[in-house]
Amino acid sequence: MTQTIFYNAQVVTMNEKHPQAEAVLVEDGKIVKVGQDSELLAP
């Protein structure tokens, strides 16, 4: 499984409840989580 985290970004989610994010987690070419840097970079 290959994981990539894009962080420290300004992500537009197109979700009215959560319109912006800072980080995106991609596993095997699929977006699996979108959120704040602190959520996705936590150990």
Side-chain angles (χ1 to χ4, degrees):
M1 171 173 36
T2 303
Q3 290 184 330
T4 304
I5 298 176
F6 298 95
Y7 63 95
N8 198 27
Q10 294 180 352
V11 179
V12 178
T13 66
M14 304 303 287
N15 180 330
E16 290 182 12
K17 292 183 180 181
H18 305 283
Q20 295 183 342
E22 295 176 335
V24 178
L25 171 62
V26 178
E27 288 182 356
D28 295 325
K30 296 182 181 182
I31 296 172
V32 294
K33 189 164 186 176
V34 177
Q36 303 304 309
D37 289 346
S38 58
E39 294 174 303
L40 275 68
L41 295 173

> Can you name the nearest heavy-atom pair linking A21 to G35, along with the distance?
Replying inline: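 Closest approach of A21 to G35, heavy atoms only: CB-O, 3.4 Å.
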
> Which pair of non-hydrogen atoms, one from L40 and one from L25, has the smallest distance, and what is that distance?
Replying inline: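 Here L40 and L25 meet closest at CD2-N, 3.4 Å.
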
>> Going by side-chain hydrogen bond (donor to acceptor under 3.5 Å, both in side chains), name the residues that satisfy it together with Q3, two or more places apart in sequence or in a different chain.
In response: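 Q3 satisfies side-chain hydrogen bond (donor to acceptor under 3.5 Å, both in side chains) with E27 once adjacent residues are dropped.
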
>> Please enumerate all residues that pass side-chain hydrogen bond (donor to acceptor under 3.5 Å, both in side chains) together with E39, with sequence neighbours excluded.
In response: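 Applying side-chain hydrogen bond (donor to acceptor under 3.5 Å, both in side chains) to E39 gives none.
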
>> Whether the side chain of D28 engages the backbone of M1 through a donor-acceptor N/O pair (distance < 3.5 Å, no angle test) should be reported.
In response: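 Checked: no pair found.
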
> Does V24 sit in a hydrophobic cluster with other residues, and if so which ones, taking ILVMFWY side chains as linked at heavy-atom separations under 4.5 Å, directly or through other members?
Replying inline: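 Members other than V24 - counting any ILVMFWY side chain reachable under 4.5 Å - are F6, V11, V26, I31, V34.
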
>> Please report the interatomic distance CD(Q20) to CD(Q36), rounded to the nearest 0.5 Å.
In response: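 One gets 9.0 Å once the value is rounded to the nearest 0.5 Å.
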
> Can you pull the side chain to side chain donor-acceptor pair (under 3.5 Å) pairs that have at least one residue in residues 7-17, sequence neighbours excluded?
Replying inline: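 Residue pairs with at least one partner in residues 7-17: there are none.
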
